[in-house]
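Notes follow once the structure below has been shown.
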Amino acid sequence: MPGCAQAIMRDSLPTRAIHMSIEQLAEIARAMVAPGKGIIAIDESSGTCKKRFDGVGIECSEENRRAYRELLLTAPNANQYLSGAILYDETIRQSTKAGVPFAKYMLDNGMIPGIKVDKGTVPLAGFPGELVTEGLDGLRDRLKEYYKLGARFAKWRAVITIGDETPSGTCIEANCHALARYAALCQEQGLVPMVEPEVLMDGDHDIEACYEVTEVVLRSLFDALYNNNVMLEGTILKASMVVPGKDCAEQASVEEVAESTLMCLKSAVPAILPGIVFLSGGQSDDAATAHLDAMNRMGPNPWPLSFSYGRAMQQAALKLWAADMTGNYAKAQATVFERAKANGLAALGEWEG
Ligand code: 13P
């Protein structure tokens, strides 16, 4: 919806006081999940980016990170299927080779800039094997700056691990409380919160265990959002799908994953939410697309269901670019377009496979 991105840009004069109404937040949220469109997550911290670059033999220099993000953001025609992108602190301060700041490039091309604002996970004291996400200290001022830099939505990722003794109620509560505090701050500063409670695929648990944990986590999250006066009309949920653990002997069919995920979401997510986007979480490119497509074919659903994939949007392009940065540049961009198109069609339940 290029018109919406333009309207957002008109609002972005740095001196303007921020008193964004819920209607404006809701308009941005709806544009993020416009029919047939989703989001590319390119918000890996420099540490995670190094892991991905190491995997394909690329030096993780600032210039390589910039050049790679430029390749992804400027892939020709991908914006037909991308409503926005999630950037990292370093990335939102970077520009194209021609000197256009990435956020401006995006707005000029009908894409809404988003920003990852959590500061990553640390071990939760007293609860071995569990993690809590940090980043609330100083967040109000960071959000003010990101708004001036062009961001109109912000992501915070909490991580829940399924194990014999986990997750604990304390871990779920601590993470959902932090998600709700961050979401309230985002809305105060004129950004749509994209709340992401990721239930990890690591482990040998079955699909039922993932269903139970995801349902408890989502109910706890929406309780916390309610208690913190977060307006759901201006909030997007970034959810993990209900899948068996990676090491579970019994893997699930596309239909099982789609049915379980839909039932879990319907039981725990209020219908007033403007949209749900999924993370890929280590699924193959095709599996991530097939699951999203199947859920949309099973509709109508209470909310638009779309994608906010990182690895499932990027990994093919990264491999090609790593093999020959100059020679494969156009081919790598073409795979970004293909992945965006496949997932955009899946968001409509029209992917042909
Ligand atoms: P993946 O799709 O690679 O899981 O990444 C999405 C994301 O933004 C995780 O926070």
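Read the numbers this way: they start at 1 and go in the same order the structure lists the ligands and their atoms. Everything numeric in this text was worked out from a predicted model, so none of it was measured. Numbers here simply count residues along the sequence, with the first being 1.
- Follow the hydrophobic side-chain contacts under 4.5 Å out from L262 and you reach V243 in the same cluster.
- Of all protein heavy atoms, the one closest to atom 5 (O) of ligand 1 is G310 N, 3.6 Å.
- The closest side-chain donor-acceptor pair between S168 and E130 falls under 3.5 angstrom.
- Distances below 4.0 Å separate heavy atoms of A41 from the following atoms of ligand 1: 8 (O).
- Of all the heavy atoms of M313, none lies under 4.0 Å from any atom of ligand 1, so neither backbone nor side chain is involved.
- The aromatic rings of Y68 and F53 sit perpendicular, their planes meeting at an angle over 60°, well past the 30° parallel limit.
- When each of E44, R52, R339 is tested with Q314 by the rule side chain to side chain donor-acceptor pair (under 3.5 Å), just one qualifies, namely E44.
- Under the 3.5 Å distance criterion, the side-chain polar atoms of R69 are left unmatched by any main-chain donor or acceptor of I92.
- Distance check, rounded to the nearest 0.5 Å: CG of N175 to OG1 of T170 gives 11.0 Å.
- Protein heavy atom at the shortest distance from atom 4 (O) of ligand 1 is G281 N, 2.7 Å.
- Considering only non-hydrogen atoms, atom 2 (O) of ligand 1 lies nearest to S280 out of S280, A288, A312.
- Heavy-atom contacts of Y309 reach the following atoms of ligand 1: 2 (O) (cutoff under 4.0 Å).
- Checking Q314, E44, K155 against atom 10 (O) of ligand 1, the nearest heavy atom belongs to K155.
- Ranking the protein heavy atoms by distance from atom 9 (C) of ligand 1 puts E196 OE2, 3.2 Å first.
- Residue, atom and distance of the protein heavy atom nearest to atom 7 (C) of ligand 1 are K238 NZ, 3.1 Å.
- Contact between T133 and A158 at its shortest, heavy atoms only, is OG1-CA, 3.4 Å.
- At a heavy-atom cutoff of 4.0 Å, ligand 1 is contacted by both the backbone and the side chain of R311.
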